[in-house]
Novice: 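Take this structure first; my questions come after.
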Amino acid sequence: MNYSELAVFIIYLLFMVGIGVFFFIRSKGGNEKDYFLGGRQMGAWVSALSAGASDMSAWVLMGLPASIYAYGMGQTWIAIGLGIGYALSWIYEAPRLRKFSIRANDSITIPQYLTNRFLSSSMALQIICAVIFLFAYTIYAASSIKACGTLFNTVIGIDATTAMYIAAVIIIVYTFLGGFSAVCWTDFFQGLLMLGALLIAPIFAVFALDTTAANTAMPEGYWNLFTNWKEVISGLGWGLGYFGMPHIIIRFMSLKSDKELKKSAKIGISWTVLILIFSVAAGCIGRMFLGFDQATADNSLVFITMVRKIFPGVISGVLLSAILAAAMSTADSQLLASASAFANDVYKPVIRKNQSSDKEMLWAGRIVVLIIAIVAVIIASNPNAGSIMDLVSNAWGVFGAAFGPAIMLSLFWKRFTFGGAVAGIIAGAAVDILWLAFLAGTGIYEIIPGFIAGLVAAVIVSKLSKAPGKDVEQLFDEAVALED
């Protein structure tokens with residue numbers, strides 16, 4: 001056990017809890033909008049880095065570098081697809097979603113927005129969305145908690161399952177107490193730490209390389225970017241996920257002005273591109289620096305091993321805290337998004353028939369945070385649950401296929417209907433899951449057929465449905481023209 005690294009981890013975790021306590025004290029008397037959306041008062045830097053950090057979970061420091069390390073530069077298409085998708089979501093989706101959510105009865109969750117967008121009194125869409133949220137976010141959160149367990153087990157030597165429970169408790173505490181504001185501010189600091197670690201580690205590794213050994217260690221075809229068309233298409237398909245990823249696009253809704261949004265877009269896109277570039281660099285430089293080891297590849301330990309070989313204890317502790325940052329910044333956002341969906345879209349309108357107080361709503365959301373975290377730990381501790389990258393790709397695919405087409409059509413197509421949204425969400429999620437279950441062997445990432453199915457179903461059902469009423473069309477026009 002390296003006690004310097006352990007000390008750094010403890011200080012870091014206490015800092016995260018401190019942020020939660022601070023916002024809990026500050027938010028006394030706040031309502032559900034404050035807890036779940038920060039009162040729409042987020043600034044550009046916090047929103048940008050929070051959106052990025054909640055997206056780039058531990059897979060960007062463990063899963064993606066391990067894929068590059070093991071299989072070569074053909075895996076880079078995942079990073080390329082993510083970079084393109086993230087930029088397009090900020091440029092085209094963010095401005096309209098912020099305005100539309102305000103005009104649609106000041107919606108504070110994605111299911112609530114989709115229902116209010118059509119001025120519908122039906123709870124069907126909100127319940128369907130909430131069910132998908134709870135299912136997919138539990139799997140997604142499991143990947144982050146699993147990464148924490150792997151980190152503590154590798155670095156400190158404690159049992160991986162015990163480490164998962166410790167990480168889950170820390171995440172629960174500050175999410176439970178501080179809500180959206182605490183999540184965004186912890187994500188802000190964690191985003192800075194992730195970027196710093198990914199910039200520093202590969203650069204120092206390059207200077208420590210034995211170039212003679214590096215040249216002989218690389219297998220034939222390792223540097224080939226164009227390996228096969230399935231790898232290219234599937235990698236680019238990852239970018240589709242951004243258009244329907246609730247815990248990321250909720251940040252678009254939280255910004256306090258269009259001016260802040262434009263600034264946030266520049267910061268967020270720049271941060272993400274740098275993160276992806278250096279994540280790829282960590283994988284290929286790690287292969288040259290460490291040589292190939294099957295256990296390192298299987299357990300996604302490239303970044304951890306490289307950092308520990310180069311830096312002394314305190315510095316390696318700080319850099320490895322970036323993995324904690326990546327895992328926690330994603331898990332907290334997922335837990336909060338699940339809680340807000342349940343509290344606002346199921347508990348309040350269906351279970352309590354809109355009779356619940358603000359305090360009751362907050363506690364309903366907090367209890368859901370606790371339940372999902374417990375289930376996520378159980379999944380993560382199961383040795384048959386799959387790798388970190390597997391868990392992330394499964395949840396990412398469901399979200400992108402289910403919500404991406406519906407949200408984009410709601411923002412850019414006036415003829416889109418409530419029935420079309422329901423059909424698109426169900427079809428996208430169903431095809432994604434069925435493809436994963438029965439056709440994964442084709443080598444095509446399930447988000448692609450799922451997204452296409454959701455888009456086609458949404459358009460066909462909307463065309464066959466009665467056109468939206470004048471009031472819905474007026475909402476669309478007013479949202480497009482809305483100014484701060």
Novice: Are Tyr69 and Ser300 close enough that a side-chain donor and a side-chain acceptor fall under 3.5 Å?
Specialist: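 No.
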
Novice: Under the salt bridge (charged side-chain N to carboxylate O under 4.0 Å, His left out) test, which residues partner Lys230, sequence neighbours left out?
Specialist: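 Lys230 satisfies salt bridge (charged side-chain N to carboxylate O under 4.0 Å, His left out) with no residue once adjacent residues are dropped.
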
Novice: Hey, are Glu5 and Arg308 close enough for a salt bridge, meaning a charged N less than 4.0 Å from a carboxylate O?
Specialist: yes

Novice: List the atom pairs, with distances to 0.1 Å, where a side-chain N or O of residues 199-208 and a protein N or O form a donor-acceptor pair under 3.5 Å, not counting sequence neighbours.
Specialist:
none

Novice: I need the minimum non-hydrogen distance between Thr272 and Tyr86, along with the two atoms involved.
Specialist: OG1-CE2, 2.9 Å

Novice: Please report the shortest heavy-atom distance between Ala406 and Ala421, naming the atom on each side.
Specialist: CB-O, 4.4 Å

Novice: What I want to find out is whether Lys414 reaches Glu473 closely enough, with some N-O distance under 4.0 Å, to be called a salt bridge.
Specialist: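 No, Lys414 and Glu473 are not salt-bridged.
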
Novice: According to the interplanar angle, ranging from 0 to 90°, do the rings of Trp413 and Phe416 count as parallel (below 30°), tilted (30 to 60°) or perpendicular (above 60°)?
Specialist: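 Taking Phe416 first and then Trp413, their aromatic rings lie parallel (interplane angle under 30°).
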
Novice: Stepwise, does the ring pair (Phe, Tyr, Trp, His ring centres under 6.0 Å) test hold for Phe399 with Tyr137?
Specialist: CA-CA 9 Å; Phe399 278 126; Tyr137 270 137; 4.4 Å; yes

Novice: Please name the pair of heavy atoms, one in Gln75 and one in Ser67, separated by the smallest distance, quoted to 0.1 Å.
Specialist: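 Nearest pair, atom of Gln75 first, then Ser67: CG-O, 3.6 Å.
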
Novice: Can you name the closest pair of heavy atoms from Gly237 and Ile447 and give their distance?
Specialist: O-CG2, 3.4 Å

Novice: Compare every heavy atom of Ala376 with every heavy atom of Thr138, then report the nearest pair and how far apart it is.
Specialist: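 Shortest heavy-atom contact: O-CB, 3.7 Å.
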
